[in-house]
There are 2 protein chains.
Amino acid sequence: MSSAVGISIADVEPHLLRTFVAVAETGSFSAAAGRLRYTQSAVSQQIAALEADLGTPLLTRRPVALTPAGERLHRHAAIILVRLAAARADVTRAVAPPGRLAVGLTPLAWSKRVSDALTRIRAESARLSSRVLVADRDRIVAASATGEIDIALVDGFTAPNDPLPLPVAGAVRVAEDGAVVALPRDHPLAGRPTLQLADLTEAYWIDAPVVSPLTHLPVDALRTGLRYEGADVAVLLGLIEAGHGLSVLPSGVARGVLLPRMVHRVELLATPGAGVPATRLSELLAGP
Amino acid sequence: MSSAVGISIADVEPHLLRTFVAVAETGSFSAAAGRLRYTQSAVSQQIAALEADLGTPLLTRRPVALTPAGERLHRHAAIILVRLAAARADVTRAVAPPGRLAVGLTPLAWSKRVSDALTRIRAESARLSSRVLVADRDRIVAASATGEIDIALVDGFTAPNDPLPLPVAGAVRVAEDGAVVALPRDHPLAGRPTLQLADLTEAYWIDAPVVSPLTHLPVDALRTGLRYEGADVAVLLGLIEAGHGLSVLPSGVARGVLLPRMVHRVELLATPGAGVPATRLSELLAGP
DNA sequence: TGATGTTACGAGGCACGTAATGATG
DNA sequence: CATCATTACGTGCCTCGTAACATCA
């Protein structure tokens, strides 16, 4: 191994990054202070220190918003903080693999097969302490990296031969079905056999980042009328039926018109060294 | 964006990571102290603090070596330190794109084409301050991430349709030629038209990690007789001719017997926002 | 005027160096 | 016994909280 990680370059202090991220996400110094159990003053000083260190303003004040340099830093910082946590998790897990089983999934990753696998493994090892976390994809991937969960099931939409665009490698396909545009029963397009996204530029869409994140579709071009931030599929279906807008969903969940050249897929992320129950569950899921 | 990067979890202090990496690479507390301009005592305290924080020994003493947990941490730490530096570099570059041009390359990435491109761009912008760094692949990739260099040219051997196994995305193919096993003139195999690596398990190899890193070949199976840590191709060729061992080299550099199903390729990494000269050079290189 | 970010200042903590101590080949 | 890591201890820096101040809706 080379001595590449040279002498020079002062460190970017991680607690400053953490505070910076908190401010960026809350849009407020005081809110960030509350979240991190600091005083407003401390947050202000930390941001000032970071800006002085990097030699450039990172945030505008009143209103608090990211400058271009701040945008860049924010992208880096989020990744670095996760990796930092992942390093700690990986090392401590290597010492004492947990006996528990923590599963994380995105709302649409749930299925009978997942349910069965969980039932079975809990039956196998009687008094196994288990935990299930449902959240949006970013949260689940981060929790997987940090070892907060041992197994992650993540769903998403892509072209049939592409993998899901995840920021980590090593995902395994677990399930796949079609992608439909969910429509109210009485919608004019409801009779069509298939549909192109282009047919729907006139429609209003429901932006549901937790349930149905379409980050890699040209959804910018679509008009979003309503934003649903919950994780409950039934609520989203209700909103669609009530005519608040359309959404892309797996064919197993909603009636609607099929989108060709697009699939809904569930992938499995197992964190290495997460212990025996996790390995067993991943076998059950990835197997036949 | 979700508030995924939660409240909890104490930070892993980067200066501890840096010290840990230095100790791991030098195999000595005192050497690491020298390199980082600390006292032995400080290094000892830092390692102790890190081990206490993570709750597990990371290094054995006398001799100093990584424990399994230490191995894990070392992998993470090297990546994190580079990303930390990359964050700083990216932000500061965004503020003031450099007017200079810094090029980094692995020894075998040099070619007439590269030379010509450099000549041309230096002619175009008369008093352009330029810098060229030649080092092993890890060093070059790290330097590219940290912004130490603006353009990186990295070479390596792979299967014809595979990309080079780099830890970063976005590499562009610049040049490609064959891979030969370089042999002394009087070697018994010198007459063969092509060769399988399997034919050569009886031979001795020169391990030249800087010039010809064969990390992704089954080189473990091969017997290495000598290690050459320099970056000079001519020296390596001399060693081969003198019968100290064989080596895999690009067909443009050395006479030898072709390896089928394997190519030598040079790829280009341009760091985004590195300024106009870098963009221009990357056009010259990636172009026709 | 009230909420929110900044500045001043002092106390506490902590990370370093010096120096003495201990272990190991 | 020389080299190298650890422990003891004191000092200086640095970060945080309190509190006063500034600024914007």
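Each chain gets a letter, A, B and so on, in the order the sequences are listed, and its residues count up from 1. Everything numeric here is computed off the predicted structure, so don't read it as measured data.
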Run the side-chain donor-acceptor check on residues 77-87 of chain A: report pairs under 3.5 Å with partners two or more places apart or on a different chain.
none

**Prompt:** Hey, what do you get for OG1 (B:T106) to CZ (B:R139), rounding to the nearest 0.5 Å?
**Reply:** 13.0 Å

**Complete:** Note: contacts of residues 65-73 of chain B with DNA chain C (heavy atom, under 4.0 Å) are none

**Request:** Using salt bridge (charged side-chain N to carboxylate O under 4.0 Å, His left out) as the criterion, list what pairs up with B:D150, not counting sequence neighbours.
**Result:** B:R100

**Side-chain donor/acceptor of A:T60 to backbone N/O of A:P63, under 3.5 Å** = yes

**Complete:** So the salt bridge (charged side-chain N to carboxylate O under 4.0 Å, His left out) pairs with at least one residue in residues 57-79 of chain B (sequence neighbours excluded) are A:D90-B:R72, B:E51-B:R61

**Fill in**
To the nearest 0.5 Å, atom OG of A:S212 lies from atom CG of A:D155 at 8.0 Å

**Prompt:** In Å and rounded to the nearest 0.5 Å, what is the CD1 to CG distance from A:I151 to A:L269?
**Reply:** 9.0 Å

**Among A:D11, A:V12, A:L17, the one residue meeting side chain to side chain contact (heavy atoms under 4.5 Å, CB included) with B:P14** = A:D11

**Fill in**
Letter by letter from the 5' end, nucleotides 3-19 of chain C scores (B base, S sugar-phosphate only, - none; protein heavy atoms under 4.0 Å) -BBBBB-------BBBB

**Prompt:** Hey, what do you get for CG (A:L239) to CD1 (A:I206), rounding to the nearest 0.5 Å?
**Reply:** 5.0 Å

**Prompt:** Between atom CD of A:Q45 and atom OH of A:Y38, what is the distance when rounded to the nearest 0.5 Å?
**Reply:** 11.5 Å

**Asked** Nucleotide range of DNA chain D contacted by chain A, 5' to 3', under 4.0 Å to a heavy atom?
**Response** D:dC16 to D:dC24

